[in-house]
J.: 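Shown below is the structure under consideration.
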Amino acid sequence: MSQLNWLKSTFSENQANCVELAAAPDGIHIRESDEPEAVLRTSPAVLGALIRSVKAGRLDHTL
């Protein structure tokens, strides 16, 4: 996994505790910048559905 090209939002600038994403042949890898050894893997379709749900506010009631 160290060969992955990890990216974070430009909104994060030089902040710590950012979510980072990396595209790989086996899916999209997601990690927290302050815990880089803990990595989740998902598909582009599932990640897209999550992002759409967050943007639409469909997860706000869970807070």
Side-chain angles (χ1 to χ4, degrees):
M1 257 185 293
S2 62
Q3 299 121 354
L4 294 176
N5 183 27
W6 291 98
L7 302 171
K8 66 180 177 178
S9 170
T10 56
F11 290 108
S12 297
E13 296 178 356
N14 292 326
Q15 302 292 321
N17 304 328
C18 300
V19 173
E20 299 175 325
L21 302 173
D26 62 343
I28 304 295
H29 294 248
I30 305 168
R31 71 181 183 184
E32 184 75 31
S33 62
D34 65 335
E35 287 192 51
E37 63 283 346
V39 177
L40 300 173
R41 187 182 72 205
T42 190
S43 70
V46 171
L47 180 59
L50 173 64
I51 292 170
R52 286 189 298 279
S53 292
V54 169
K55 285 183 174 183
R58 290 193 290 264
L59 303 176
D60 291 349
H61 68 281
T62 62
L63 298 176

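Numbers here are sequence positions counted from 1.
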J.: To the nearest 0.5 Å, how far apart are CG in L50 and CZ in R58?
T.: 10.0 Å
J.: If you measure from CD on E35 to CD on E20, what distance do you get to the nearest 0.5 Å?
T.: 12.0 Å
J.: Looking at L4, I30, N5, T42, which one forms a side chain to side chain contact (heavy atoms under 4.5 Å, CB included) with L21?
T.: I30
J.: Do L7 and V19 belong to the same hydrophobic cluster, where Ile, Leu, Val, Met, Phe, Trp and Tyr are linked whenever their side-chain heavy atoms lie under 4.5 Å apart, directly or via other members?
T.: no
J.: Under the salt bridge (charged side-chain N to carboxylate O under 4.0 Å, His left out) definition, can you give me all pairs with a residue in residues 39-49, not counting sequence neighbours?
T.: D26-R41
J.: What closest approach, in Å, do R31 and A38 show between heavy atoms, and which atom pair accounts for it?
T.: CB-O, 3.5 Å
J.: Run the salt bridge (Lys or Arg N to Asp or Glu O under 4.0 Å) test against D34 and tell me which residues pass, sequence neighbours left out.
T.: none
J.: Hey, does H29 have a side-chain heavy atom less than 4.5 Å from the side chain of L40?
T.: no
J.: With S9, which residues qualify under side chain to side chain donor-acceptor pair (under 3.5 Å), at least two apart?
T.: none
J.: Write down the atom of K8, the atom of C18, and the distance for their closest heavy-atom approach.
T.: CD-CB, 3.9 Å
